[in-house]
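Beneath this line is the structure, given in structure tokens, with notes to follow.
Just so we're clear, the structure is a prediction, and the values are computed from it rather than from any experiment. Every chain is numbered from 1 and lettered A, B, ... according to where its sequence line falls, protein lines coming before strand lines.
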Protein chains: 2
Amino acid sequence: MLQAMETLRYQPNLIARSLVTNSTKTIALISGTLKNGFFVETTDSIINLATKHGYKTMVYFEGEAKLKDIVNTVMGNKVDGILMSSILLDDPLFHEIEQSGIPYMFFNRRPRNGGNYVVLDNTRAGEMITKHLLDLGHERIAYITGEPTISTFLERETGFKKAMEEAGIEIDPQLVFVTNTTSAEVEKITWRLMNLDEPPTAIICATDTMALACMDTIMSMGLSIPDDVSLVGIDDIKISSHRAIQLTSIGHHKFKMGEIAAENLIEMIQQGERPKQLRQIVLQPELIVRKTTARRK
Amino acid sequence: MLQAMETLRYQPNLIARSLVTNSTKTIALISGTLKNGFFVETTDSIINLATKHGYKTMVYFEGEAKLKDIVNTVMGNKVDGILMSSILLDDPLFHEIEQSGIPYMFFNRRPRNGGNYVVLDNTRAGEMITKHLLDLGHERIAYITGEPTISTFLERETGFKKAMEEAGIEIDPQLVFVTNTTSAEVEKITWRLMNLDEPPTAIICATDTMALACMDTIMSMGLSIPDDVSLVGIDDIKISSHRAIQLTSIGHHKFKMGEIAAENLIEMIQQGERPKQLRQIVLQPELIVRKTTARRK
DNA sequence: CTGAAAGCGCTAACAT
DNA sequence: ATGTTAGCGCTTTCAG
């Protein structure tokens with residue numbers, strides 16, 4: 001009988017099994033775009049970890065479809081858990097997800113109140129990276145960020161403002177820009193910034209990926225980093241440590257955020273109970289000084 | 001009634017629907033690792049295109065589980081189609097996939113005979129990139145590649161050998177290395193290469209990602225590119241064009257391989273018939289000369 | 001301990 | 001047009 005199954009190459013229909021067991025062995029990953037290297041790293045570690053534990057991963061990237069539709073599909077598909085970076089500070093989706101009873105973990109971004117999540121201590125990251133520049137004598141510091149409806153951006157900027165205020169330095173509103181985080185927009189802003197009568201002596205980009213676009217533009221203009229302007233990012237993605245890039249950045253190091261998110265989710269799934277308490281994990285940032293920052297001339 | 005459904009937030013159970021319709025609106029993506037920037041770009045475009053067409057994407061990366069197990073799960077899950085880069089030249093999985101009757105497309109890599117695929121003309125790419133170096137006067141050219149059981153690597157190397165032979169230059173076997181494509185191994189090889197009594201004047205890496213690791217190592221050794229050694233890759237991934245990298249490379253440009261693969265697969269799914277003919281698409285490579293190659297001193 | 005039957009939540013075919 | 005029913009391929013329960 002068992003041999004018969006092998007010779008006939010019997011494959012159980014997992015759809016039918018799911019219908020009765022009410023478990024799909026599938027987790028949904030709703031992630032920011034792979035154009036951002038940070039999400040490349042989380043996606044990679046999440047899928048690998050899920051696979052290792054016998055879970056399939058359904059992947060969605062924000063942008064192509066409406067998030068609400070994605071979440072609905074995900075729920076209709078009876079996934080065992082949800083891993084999601086794409087949540088706003090005040091997002092009606094948060095309550096839908098909570099009420100669904102499906103185990104979930106947010107990562108990188110979080111809702112304003114409550115929820116399970118793993119994030120970087122973004123306020124502290126913003127503060128520390130700014131202090132580094134301040135310590136180097138910079139005062140005219142530009143700040144390029146994304147929408148403040150997203151916790152990551154709001155908190156990093158809060159840290160920036162805090163450090164500036166503590167140093168007693170007024171922020172020039174001409175030097176702070178909210179963008180959609182695309183390279184195209186960062187390039188435009190950088191160009192404008194460096195063409196100012198009085199350009200900044202240092203630039204903070206809210207993510208390493210944005211800093212990379214910024215660097216590209218600065219170099220295209222024939223300017224040099226850090227001689228003409230210092231540049232920093234946040235996240236410390238892989239490519240930032242490349243010898244040809246050497247971007248000063250700040251990130252979490254001992255553990256991978258994607259793995260933490262996936263491990264916690266799988267734990268929640270396997271315990272199977274309604275959560276006794278929220279899982280709110282905040283990773284401490286570590287400054288990595290490389291070659292894109294120098295003392296102000 | 002319709003309103004009732006809305007107020008009660010009725011979500012149809014897509015699992016149950018799939019069981020009866022025998023269609024899951026899901027495609028499986030079995031991809032090479034995201035550590036390779038090439039697969040970042042294909043994964044991104046594939047998922048986005050699938051989502052746009054109303055398909056969900058189940059993603060697996062090779063390495064974490066045995067490929068055979070992944071393919072079995074995928075089939076048990078009754079996906080509507082399979083997109084796969086992870087196929088060897090002579091791979092028993094190829095026949096299993098063919099016999100399953102599930103529409104599929106291979107991309108980047110292909111089986112030796114038959115199958116639906118979209119690939120770069122890798123032989124030509126290997127040939128062209130080698131000719132570029134030859135034209136610059138290089139003769140002592142190193143070649144770092146991956147396993148030749150994979151079409152991409154076999155064909156690129158074939159192109160390299162062809163160009164060398166046509167130029168009447170003997171390949172020094174001391175200068176060609178097969179690696180597992182990881183940065184760690186490429187670094188080790190590069191170090192050995194540049195410490196040779198007579199180091200190469202140029203290095204070809206079979207992928208841009210490997211070239212990036214190679215560049216990193218060369219720079220760490222205090223050597224300069226292209227003054228001490230010229231360096232090229234193949235794929236022309238995004239980061240290669242960055243002002244701080246400027247890697248000379250070769251790739252396809254007018255279209256994205258991931259999109260072509262996904263579009264063709266979705267077409268096959270929607271036509272619903274047994275394929276009248278194979279889809280074998282080969283993209284023509286285009287050489288992009290940047291700053292990592294120079295005339296031999 | 002083995003085998004038959006019920007039922008998961010839908011769709012499609014059929015009858016009203 | 002509307003409502004009823006069979007059945008998709010499994011797991012689980014219940015009888016034998």
### Query
Where the side chain of A16(B) is concerned, which of dC10(C), dT11(D), dG9(D) is the nearest nucleotide?
dC10(C)
### Query
Nearest-Å distance, CG (L14(A)) to C1' (dG9(D))?
11 Å
### N122(B) versus T152(B), side-chain donor and acceptor atoms under 3.5 Å
no
### With S18(A) via side-chain contact (heavy atoms from CB on, under 4.5 Å) - residues at least two apart
T24(A), I15(B)
### Query
When the distance from CG of N22(B) to P of dG9(C) is rounded to whole Å, what number comes out?
20 Å
### Query
Atom CZ of R109(A) and atom OG1 of T149(A): how far apart are they, to the nearest 0.5 Å?
8.5 Å
### Query
Within this structure, what is the CG-to-C1' distance between L19(A) and dA6(C), rounded to whole angstrom?
13 Å
### Query
Just how large is the angle between the end axes of the helix from dC1(C)-dG16(D) to dC14(C)-dG3(D), five pairs per end, to 10 degrees?
50°
### Query
Separation of K78(A) atom NZ from dC10(C) atom C1', in whole Å?
12 Å
### Message
If I take atom CD in residue Q11(B) and atom P in nucleotide dC10(C), what distance separates them, rounded to the nearest angstrom?
### Response
10 Å
### Message
Rounded to the nearest 0.5 Å, what separates atom CG in N36(A) from atom CZ in F61(A)?
### Response
11.0 Å
### Query
Should we count CZ of R279(B) as having more than 12 external heavy atoms under 6.0 Å?
yes
### Message
Whether Y10(A) contacts dG9(D) is assessed here as follows: a side-chain N or O lying under 4.0 Å from the phosphate OP1 or OP2. Is that the case?
### Response
no
### d(CG, N77(B); P, dC10(D)) in whole Å
12 Å
### Between S86(A) and E62(A): side-chain donor-acceptor atoms closer than 3.5 Å
yes
### Task
Identify which nucleotide among dC10(D), dG9(C), dT11(C) has an atom closest to any side-chain atom of N13(B), counting heavy atoms from C-beta outward.
dG9(C)
### Message
Output the rounded distance in Å from CD1 (I15(B)) to P (dC8(C)).
### Response
16 Å
